[in-house]
Amino acid sequence: MLWKNTDTNFKPGELMKQSAVCAGTFDPLTFGHLDVIERASRIFPRVVVGVAKSEAKSPLFSLDERIDLVRTSTTHLLGIEVKSFSGLLVDFAEQESASVIVRGLRAFSDFEYEFQMALTNRQMKPVIETLFLMPKQDYSYVSSSNVREIAKMGGNIDQFVPAPILKALHGRYS
């Protein structure tokens, strides 16, 4: 036997029946974010998309705008709930009865930060797992900050964001 489960309460496939949290600032939501949310929705019956207040980042869109934009961009998915949160992600996950935190990894450079955060979260709340998902290769280089910069300079962002986000960014920078 190569692997032996030492958790006597473990049931194979148990995590797949649980709720997951997929969190971010989503300022704005990109196709990369949406791809990770879609992948999570195929694994978990309930995915809570946590939109972080994150005032320290001076977001372009207000919290309510970001929540509305994420909701509008995820209407095609089943089992998605969009909620705001502030404070620790593990506390939000616990509050939402989620046993998994889903994190997207765009590039190897994301891994070190996300790995440290996952280990810290595990130390604080050992019952909450972290699952890393990679977006499609087409979106692995897309970031919200790059999208904002391109939109601000009048560049074409059609290939980076869903239609509701595109409209909101054009409205903001027109």
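As a basis for the values below, the full set of heavy atoms in this structure was taken, side chains included, without hydrogen atoms, waters or symmetry mates.
Applying the side chain to side chain donor-acceptor pair (under 3.5 Å) test to every pair with at least one member in residues 164-174, sequence neighbours left out, gives these pairs: Glu65-Arg172. Within the structure, the ring pair (Phe, Tyr, Trp, His ring centres under 6.0 Å) test picks out the following pairs touching residues 60-87 (sequence neighbours left out): Phe85-Phe92. Applying the side chain to side chain donor-acceptor pair (under 3.5 Å) test to pairs two or more places apart or on separate chains, those with a residue in residues 41-53 are Ser19-Arg46, Arg46-Glu81, Arg46-Glu96. Evaluation of the ring pair (Phe, Tyr, Trp, His ring centres under 6.0 Å) test over residues 122-157, restricted to residues two or more places apart or in two chains, returns Phe31-Tyr139. Within the structure, side chain to side chain donor-acceptor pair (under 3.5 Å) pairs that include any residue of residues 114-124 comprise Arg103-Glu114 (at least two apart or interchain).
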All N/O donor-acceptor pairs, side-chain side in residues 147-155, below 3.5 Å, sequence neighbours left out:
unit_1 : atom_1 : unit_2 : atom_2 : d
Arg148 : NH1    : Asp27  : O      : 2.3

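Closest of all the heavy-atom pairs between Val51 and Thr25 is CG1-O, 3.8 Å. The two residues Thr74 and Val82 come nearest to each other via the heavy atoms OG1-CG2, 4.2 Å. In terms of heavy atoms, Arg106 sits closest to Ser143 at NH1-CB, 2.7 Å. Closest heavy-atom contact between Pro28 and Ser144: O-OG, 2.7 Å. Taking all atoms of both residues into account, the shortest heavy-atom contact from Ala40 to Leu133 is N-CD1, 3.9 Å. The shortest non-hydrogen separation linking Pro135 to Gly32 is CB-O, 3.9 Å.
A distance of 5.0 Å separates CG in Leu63 from OG in Ser84, rounded to the nearest 0.5 Å. Once rounded to the nearest 0.5 Å, the distance linking CG of Asp68 with OG of Ser62 reads 8.0 Å. Between the SG atom in Cys22 and the CD1 atom in Ile80 there is a gap of 8.0 Å [rounded to 0.5 Å]. Rounding to the nearest 0.5 angstrom, the gap separating the CD1 atom in Ile43 from the CG atom in Leu131 is 5.5 Å. Annotation: the span from Met134 atom CE to Asp35 atom CG amounts to 10.5 Å, rounded to 0.5 Å. Summarising the geometry, atom CG belonging to Asn146 is positioned 11.5 Å from atom CD1 belonging to Ile157; distances are rounded to the nearest 0.5 Å.
Between the Arg66 side chain and the Leu60 main chain, no donor and acceptor come within less than 3.5 Å of each other.
Within the 4.5 Å cutoff, the side chain of Leu34 has heavy atoms near those of the Glu38 side chain.
For Thr72, the side-chain contact (heavy atoms from CB on, under 4.5 Å) partners are Pro164, not counting sequence neighbours. Under the side chain to side chain donor-acceptor pair (under 3.5 Å) criterion, Thr75 pairs with no residue at all, not counting sequence neighbours. Taking the ring-ring contact (aromatic ring centres under 6.0 Å, His included) definition, one finds that Phe26 meets it with His33, sequence neighbours left out. For Ala93, the side-chain contact (heavy atoms from CB on, under 4.5 Å) partners at least two apart in sequence or on another chain are Val21, Ala98, Ile101, Ile128. Qualifying salt bridge (charged side-chain N to carboxylate O under 4.0 Å, His left out) partners for Asp138, counting only residues two or more places apart in sequence or in other chains: none.
Glu112 CD: 12 or fewer foreign heavy atoms inside a 6.0 Å radius.
Residues Leu89 and Val127 share a hydrophobic cluster, clusters being chains of Ile/Leu/Val/Met/Phe/Trp/Tyr side chains in contact below 4.5 Å.
Just one of Ile37, Val49, Val47 meets the side chain to side chain contact (heavy atoms under 4.5 Å, CB included) condition when paired with Leu77; it is Ile37.
Clustering of Ile, Leu, Val, Met, Phe, Trp and Tyr by side-chain heavy atoms under 4.5 Å joins Met117 with Tyr113.
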| Does the side-chain contact (heavy atoms from CB on, under 4.5 Å) test come out yes or no for Phe111 and Leu105, once each step is laid out? | CA-CA 7 Å; Phe111 180 75; Leu105 290 177; 4.0 Å; yes

